[in-house]
Amino acid sequence: MARVFISHATQNVAIATQIRDWLDHDHETFLEVHPDDGIQVGEAWRERLHLELRKADAVVCVVSEASVVSSWCTAEVAIADALGCLLLPVQLGGVIHPLIRHLNHIPHATAREHLEKALRQFDAGGRKLAKDQEPFPGLDAFTTALSAVFFGRDAETRALARRVRRAPGLLAVVGPSGCGKSSLVRAGLLAQLADDPRWLVMPPWLPGNDPLDALARAVRKTAERVGLRWTLAETKDRLVLDGLRGVAQELVDEDRRLLITIDQAEELFTRAGEKDRQIVASLLREALADNVRVIVTLRSEFLDDLRALPELSGVHLGGYVLAPLAREVLNVVITGPARVAGLKVHPELVARLVEDTANGEALPLLAFTLQQLAMGVPRGGTLSSERYEHLGGVHGALARHADDVLDNAVAETGTGKEELLARLASLATLDHTGSPTRKRVSLAQLDFRTRDAFEVFVRHRLLTASGDQQGRWIGVAHEALFTEWLPLRGAIDERQIGLRAAQSVELDASQWIEGECADHLLLNEDTFAAISPLVADDDLSPDALRFLAVSRDHIHTLRHERRRDRRRTVSWLAVFLVAAVGAAGLAAAQWYNAGVDRDKATARALVAQAQVARVSSPRLALRLGLAAHAVAPSPDTSAELATTLLSAFGEASPGGLSARACEVADGGLSPHEWRKHLPGLAYRDTCG
């Protein structure tokens with residue numbers, strides 16, 4: 001229900017009071033002169049007017065000659081326009097207010113009907129439930145087309161709309177998975193702004209693996225709405241050359257604002273590469289201006305990652321925390337859409353649904369259960385407790401439905417249950433907390449049997465398929481499927497190691513691409529050997545698959561080079577070994593010859609000394625001769641010894657050396673040793 005501020009000149013107070021009476025039953029109105037909730041005696045009126053204008057969703061402007069010349073009425077119109085409030089001019093006497101001449105002015109005579117219609121459109125997004133349209137979206141988020149059955153978030157919708165209208169920069173709607181962030185933005189905020197001529201609302205887009213492509217598609221659809229027939233390739237070229245700010249200037253003028261909505265913005269961190277993330281963040285930063293707003297839905301744990309992006313430094317980044325739906329509001333979430341669709345819900349069933357849901361965190365399961373309860377029930381029918389029992393309650397409905405769909409898929413395609421569960425598990429990845437989160441997969445990556453089996457799940461709304469001529473993508477309708485359906489949860493648990501390995505490969509692949517595919521960023525042999533058996537092709541993006549293939553080829557090349565280098569090294573080592581052995585032999589021969597020569601020289605020197613000492617000291621000469629013979633025995637040393645003995649101790653007898661010679665010469669040598677030294681000389685075996 002919209003908050004309405006009525007702006008008027010003092011002369012038009014009667015008409016302003018009449019307008020308040022028109023609207024007071026269905027809306028929360030503020031009229032400064034009203035005795036109950038207007039400005040009281042002694043109250044600071046300027047501050048109160050500013051406060052009420054900031055709280056207002058819509059401002060009814062009573063436009064007259066008096067209000068146009070009134071400085072305060074003009075200020076109220078200007079402030080309301082700056083705050084982004086819905087302006088509803090009521091015309092008196094054909095006067096047009098110069099500040100809002102671009103808006104349609106409604107004559108006072110027909111104003112009531114027009115005001116009520118405009119505010120109804122504001123409250124409900126101007127949408128009605130189409131004929132045969134289901135009132136409950138199941139596991140899907142509420143869309144703008146379902147805004148008429150989006151209940152329970154009226155206060156949040158108004159608060160979010162005020163934040164978007166008034167706050168510049170980027171606004172992040174954060175909260176846990178399943179709390180309804182996407183529904184609030186799509187069925188609440190965007191439905192409210194869709195019919196506002198001052199806003200051009202870009203279709204929400206998910207970043208996915210290629211956020212620039214997703215942005216370009218959303219821009220192209222928006223351009224079509226304003227009569228610009230851009231192709232996708234042309235749109236991408238414009239984003240690259242002119243930036244998002246230049247594109248925005250072509251889409252809206254100074255009197256209109258462009259709202260860019262990124263749904264599930266955590267995919268910028270879980271699926272997109274760093275380079276793509278940087279490009280998109282830079283485009284957003286450059287585009288943010290007075291007439292451009294950006295709103296994103298984001299899981300709570302990724303808010304710090306968003307704030308840490310250097311490309312968004314200097315950008316005003318606001319946060320709107322969406323808490324799970326309060327328990328007391330669950331009643332209207334159940335009965336409101338049913339009432340719009342003409343369905344009845346027994347109070348006992350409502351109480352059981354609220355009790356089994358427990359809190360807003362199980363909201364997706366409640367929506368799915370309501371969808372199953374309402375399926376096939378005609379307008380005027382009643383949602384029954386018997387069917388609720390058959391479904392197995394809130395928590396059992398999803399698991400039971402998934403079991404039935406699995407059986408159907410197995411029967412239709414002939415695929416085994418375990419194989420199909422493993423394929424379904426490939427639609428999950430792990431966030432940085434280790435919890436499973438959904439991942440969309442290109443149908444082009446799937447074989448025909450898997451594709452046919454997945455189509456069964458799409459028909460039964462457990463999987464969603466999206467895309468266009470550029471490709472088709474498939475993913476789970478909601479992450480509740482990963483936690484509430486035990487067979488799939490078990491299959492995901494079995495693949496956790498592989499999923500973590502796939503995450504690691506995806507990260508390395510993005511760094512490799514950002515590093516211009518440098519070889520040093522490829523996986524080394526040990527890492528490749530450890531990680532490649534763990535990952536399945538279904539878990540990897542095309543870039544990651546290419547990264548693995550290039551890493552494998554690079555490893556093979558390095559192995560071949562190492563083998564070639566080893567053979568070359570062995571050949572050179574053999575050559576060096578032969579050369580070393582030869583050099584060592586030569587050195588040993590040279591060393592031996594040098595020693596022989598040295599010993600011969602020493603022996604000659606001793607012989608020379610013996611010859612000198614022979615006359616004066618025959619005993620010394622004999623010992624020098626013995627030393628020479630010991631160092632280098634040769635005929636020369638033997639002859640020298642014999643000469644010394646015969647000349648110095650020349651007494652000889654037929655039996656050998658004389659007794660005196662034996663006495664002088666024995667020197668401690670036995671006859672045997674003398675015979676060894678001088679084999680040609682006879683001597684007696686004993687002396688004396």
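Atom set for the values below is all heavy atoms of this structure, side chains included, hydrogens, waters and symmetry mates excluded.
A donor-acceptor contact shorter than 3.5 Å links the side chain of S300 to the backbone of G175. A donor-acceptor pair under 3.5 Å links the side-chain atoms of R225 to the main chain of V201, judged by distance alone. Formation of a donor-acceptor pair under 3.5 Å by the D57 side chain with backbone atoms of R3 is found in this model. Judged purely by atom type and a 3.5 angstrom limit, S551 uses its side chain to pair as donor or acceptor with the backbone of L523. A side-chain donor-acceptor contact under 3.5 Å links R400 to the backbone of H390. For the pair T144 (side chain) and R186 (backbone), a donor-acceptor distance under 3.5 Å is present.
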* How far apart are the C-alpha atoms of L284 and I262, what are their side-chain angles, what is the distance that settles it, and do they pass the side-chain contact (heavy atoms from CB on, under 4.5 Å) test? -> CA-CA 11 Å; L284 293 174; I262 309 176; 3.7 Å; yes
* Chi angles and distances behind the side-chain contact (heavy atoms from CB on, under 4.5 Å) call for F150, T157 -> CA-CA 10 Å; F150 181 60; T157 298; 4.1 Å; yes
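Using a 4.5 Å heavy-atom threshold, the side chains of L268 and F302 count as separate. Side-chain contact between R293 and L171 is absent, with no heavy atoms from C-beta onward closer than 4.5 Å. Contact check for K417 versus L406: side-chain heavy atoms found under the 4.5 Å cut-off. Side-chain contact check for L184 versus F142: every heavy-atom pair is 4.5 Å or farther apart.
Closest non-hydrogen pair, P211 versus V280, comes out as CB-CG2, 3.7 Å. Considering every non-hydrogen atom in both V377 and T382, the closest pair reads CG1-N, 3.9 Å.
Between E455 and R451 no salt bridge is recorded (no basic side-chain N to carboxylate O distance below 4.0 Å). Using a cutoff of 4.0 Å between basic side-chain nitrogens and carboxylate oxygens, R423 and D447 are scored as salt-bridged. Checked for salt-bridge contact, R158 and D154 miss the test: no charged N lies under 4.0 Å from a carboxylate O. Checked for salt-bridge contact, E355 and R327 meet the test: a charged N lies under 4.0 Å from a carboxylate O.
Relative orientation of the F368 and H401 rings is tilted, given thresholds of 30° and 60° on the angle between their planes.
The closest side-chain donor-acceptor pair between S182 and D263 falls under 3.5 angstrom.
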